[in-house]
2 protein chains.
Amino acid sequence: MYKLHYLNMSYCYDHPRPAVATDIVLFSIREGRLMLLLVKRAHEPFAGAWALPGGFVGIDENLETSALRELEEETGVTGVYLEQLHTFGESDRDPRGRVISVAYYALTPSDRLYIHAASDAKAVAWFALEDLPPVAFDHEKVVNMAHRRLVAKLDYSTIAFQFMPEMFTLSELQAVYQIILGEELDKRNFRKGVLAMSCLEHTNERRRNGNHRPAQLYRLKSPGRVEFIK
Amino acid sequence: MYKLHYLNMSYCYDHPRPAVATDIVLFSIREGRLMLLLVKRAHEPFAGAWALPGGFVGIDENLETSALRELEEETGVTGVYLEQLHTFGESDRDPRGRVISVAYYALTPSDRLYIHAASDAKAVAWFALEDLPPVAFDHEKVVNMAHRRLVAKLDYSTIAFQFMPEMFTLSELQAVYQIILGEELDKRNFRKGVLAMSCLEHTNERRRNGNHRPAQLYRLKSPGRVEFIK
DNA sequence: CTCACTTAGTGTATAAGTTACACTATCTGA
DNA sequence: TCAGATAGTGTAACTTATACACTAAGTGAG
């Protein structure tokens, strides 16, 4: 039976502490599919297996900072939209000992992705969500929760805009929604819906590609990537 | 600049680790108000100040277990509904050093509350949410997030049922919603709504108190306290 | 230069869901 | 038996969501 006292620091010094890590589920839309970024582990345990990018939190490092740093170190990806997902702390989730993982999910537009294996990750690659390889630790659980959160937030937030580049057409935006939701949406209702949020403004530019009418380019109204409804 | 490797355990042993704690925001409806449980701190820092119940996580202890244990040790309260809220990890949130806190919120019906100051808490007391004393650390932020979450979940989940005793009348349930939302609800629409969820069944018992028509008693349909929509 | 092709862009009628609203029912206690 | 108190019930108006088909504006080939 534990006999710990609340914020009695003697416990802090006298007892072994769990390690604290961050893990990141980075989503992006690529090749018309919802994909996420995995790194190939170089070391035991699970050496050679795919896993979420992540790593241990520095003693004076904020959690978000840690997540962004690990992501950059292992994959070279920066400038993503980041949100905390859940903290996974089952005492047996890491075979080497107690590791508590604060999981984040991140979103990035498809045009801002250059990735490279770095740090001690052997390789970095994008995988379609519905076609994941086996992953290390409890990372499948983390990925599933991140996906459920993403789908849920599509309905009541503007989170999907984080997948879009600076300027985009309404058809492109609709395609993103359809990919994440896995269903077709009605074009007119979709446009009515997103314009009713009144967080889009149309630029004076158009996208002309292919032998057809060029599409109006839109951007987010308020400067920066704002989320209006949490 | 950090040079940490992902799950390279050498980091774990070579570097100082943050302490990990759990904090619990326990809500209940009392005296017609939404209240939460605070403990008076016995030790520095913030000795004598009110704070959320909580404490350090044991090295082999699951996070939920830790939260429930701390709650019981410090306040005597058991058997609550518990859900993870958020993990607070700002590097300066505790004056003594790095403490990462996994915050939970908990709900309990008003009839199952016996509280007593225990462990090294000087005192334990319920406070109305809109009339909180100054609280230690970043606990005000934690409380605010817990409250927002609670209000948000009223709309799309059956979480409010966790405030109810085994059997309750629809008027009592409506009162709970009104207290949490801070607004009056239409009686007929409310009853239509909750009955449409079809997770209530009416018992054959009635509550007769006061000089008026007795009310039908309901209970949750499925055994246990189930939440249907996460 | 015009025609075939491709995607962009637009409005309306119906269905579904939400809101507003007032009276009768049933019990207690004087 | 009557006054007082809370329980319990339905409907019409309004708002929101859904289903649905054609015209517009480019490109490129013949």
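None of these values were measured; they are calculated from a predicted model. Numbers restart at 1 for each chain; the letters A, B, ... are given by sequence-line order, proteins then strands.
Proximity note for A:N211 (side chain, C-beta onward) versus C:dG11, D:dG26, C:dG29: the nearest is D:dG26. When the nucleotides D:dT6, D:dG26, D:dC20 are ranked by their closest atom to the side chain of B:R213, D:dT6 comes out on top. The A:H212 side chain lies nearest to D:dG26 when the options are C:dT10, D:dG26, D:dC20. Side-chain atoms of A:A215 lie closest to C:dA8 of the nucleotides D:dA21, D:dT18, C:dA8.
Between the side chains of B:N189 and B:K192, at least one donor-acceptor pair of N or O atoms lies under 3.5 Å.
For the pair B:F27 and B:L34, the minimum side-chain heavy-atom distance is below 4.5 Å.
Here B:R206 reaches the OP1 or OP2 of C:dC27: one of its side-chain N or O atoms lies under 4.0 Å away. Contact annotation: B:R191 side-chain N/O to D:dG8 OP1/OP2 distance is under 4.0 Å. Close to C:dA8, at under 4.0 Å from its OP1 or OP2, lies a side-chain N or O of A:S171.
No donor-acceptor contact under 3.5 Å links the side chain of B:K192 to the base of D:dT9. Put simply, the side chain of B:R207 and the base of D:dA7 share no donor and acceptor less than 3.5 Å apart.
Atom CG in B:L200 sits 7.5 Å away from atom OH in B:Y218 (nearest 0.5 Å).
Ranked by how close their nearest DNA chain D nucleotide is to the 5' end, B:N189 and B:T169 are led by B:T169.
Partner of A:E74 under the side chain to side chain contact (heavy atoms under 4.5 Å, CB included) criterion, chosen from A:L52, A:V39, A:V124: A:V39.
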